Amino acid sequence: MTHMEYQFILVEPAFQKHIALIRLNRPKELNALNLQLMLELKQALANLDQNEEVRCIIITGNEQAFAAGADIKQMESKNSIDLLKIDQFETWDQIRKTKKPIIAAVSGFALGGGCELAMTCDMIIASESAKFGQPEIKIGIMPGAGGTQRLTRAVGKAMAMEMVLTGKFIGAEEAKNRGLINKVVPDELYLDEAVKLAKEIAQMSPVAIQLAKESVLKAFESGLQEGLYFERKNFYLTFASEDQKEGMNAFVEKRKPNFKGN
Ligand code: DAK
């Protein structure tokens with residue numbers, strides 16, 4: 001599947017030097033995440049992960065919505081066995097396994113699966129009008145793509161309980177104060193700000209970035225000792241890269257490093 005064939009996302013692999021952009025593109029439905037969109041997103045991320053020119057990926061929506069959740073109209077008539085057969089978790093798991101850093105640039109609604117998708121990304125930049133929430137409870141279900149886990153780890157038990165059990169939304173400022181997101185900027189700047197962050201990351205060694213991302217994510221899955229061992233191995237591994245020599249050499253020679261990803 002090339003980017004020409006995508007129906008519900010727009011992909012620009014060379015949006016800026018070393019930065020790719022994926023735009024969720026079902027504006028009339030507030031970017032509701034139907035199955036096809038999620039498959040396209042999985043495929044696009046896999047392609048960008050393989051593309052050596054790409055060092056950082058931004059996922060965005062539009063000003064009104066990052067994504068208002070999974071597509072309720074598509075889910076309405078499904079039963080548990082239908083969901084089991086569709087196995088959308090395979091898609092979400094693959095997205096989570098993307099090796100390159102992903103920044104969510106969020107404006108408007110990031111709800112349900114939309115909030116979960118943003119939280120699956122590595123960092124979140126939001127516009128002042130962004131709203132985050134897990135409103136699944138209001139339609140008789142509960143979060144299913146990490147909402148109860150990632151939100152709780154980010155904002156703590158009390159606020160996560162309140163959001164998951166009442167479906168209430170929080171604004172960007174509160175999301176920032178509670179550690180859910182990295183930065184809030186005026187509405188017209190959220191994509192620029194995400195690009196700024198992506199550019200900073202793209203200057204670093206892609207090898208070190210990959211290993212560092214993997215190590216930070218390990219903190220969500222392991223106890224401290226296991227995580228520390230994992231970190232240690234990845235730390236050693238960075239010394240197998242030419243980028244490590246280049247980075248340290250550049251420091252000693254008082255110049256800017258030129259990392260190549262080897
Ligand atoms: N699904 C389908 N259509 C949606 C939608 C959604 N989640 N959200 C909005 N839309 C559609 C509306 O139906 C409407 O379409 P038309 O009626 O015009 O055809 C259009 O987008 C504009 O929406 P509104 O007219 O409602 O716009 P408002 O500004 O009045 O309200 C709103 C905006 C975001 C507050 C409202 O649209 C809303 O409450 N939307 C639903 C939010 C929600 O409940 N989200 C959670 C959905 S459940 C899984 C992974 C993930 C999930 C499940 C499984 N697996 C891996 C198995 C996730 C589940 C969910 O996200």
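It should be emphasised that the depicted structure is a prediction, and the values quoted were computed from it without experimental measurement. Note that ligands are numbered from 1 as they come in the structure, with each ligand's atoms numbered from 1 the same way.
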Is there a donor-acceptor pair under 3.5 Å between the side chain of E116 and the backbone N or O of G147?
yes

Heavy-atom pair with the smallest gap, counting every atom of I170 and A175
CD1-CA, 3.8 Å

For residues 13-20, which side-chain donor-acceptor pairs fall under 3.5 Å, sequence neighbours excluded?
residue: Q16; atom: OE1; partner: K199; partner atom: NZ; Å: 3.2
residue: H18; atom: ND1; partner: E53; partner atom: O; Å: 2.8

Lys/Arg-Asp/Glu bridge criterion (N-O < 4.0 Å) met for E128, K176
no

Indicate yes or no: does K100 engage E214 in a salt bridge with an N to O separation below 4.0 Å.
no

Do you know which two heavy atoms are closest between P101 and D122, and how far apart they sit?
CA-OD2, 3.3 Å

Quick one: table the atom pairs, ligand 1 N or O against protein N or O, below 3.5 Å, distance rounded to 0.1 Å.
residue: ligand 1; atom: 1 (N); partner: A70; partner atom: O; Å: 3.4
residue: ligand 1; atom: 1 (N); partner: I72; partner atom: N; Å: 2.9
residue: ligand 1; atom: 7 (N); partner: A68; partner atom: O; Å: 3.1
residue: ligand 1; atom: 7 (N); partner: A70; partner atom: O; Å: 2.9
residue: ligand 1; atom: 13 (O); partner: K73; partner atom: NZ; Å: 3.0
residue: ligand 1; atom: 15 (O); partner: K73; partner atom: NZ; Å: 3.4
residue: ligand 1; atom: 19 (O); partner: K73; partner atom: NZ; Å: 3.4
residue: ligand 1; atom: 21 (O); partner: K28; partner atom: O; Å: 3.4
residue: ligand 1; atom: 45 (N); partner: A68; partner atom: O; Å: 2.9
residue: ligand 1; atom: 61 (O); partner: A70; partner atom: N; Å: 2.8
residue: ligand 1; atom: 61 (O); partner: G113; partner atom: N; Å: 2.8

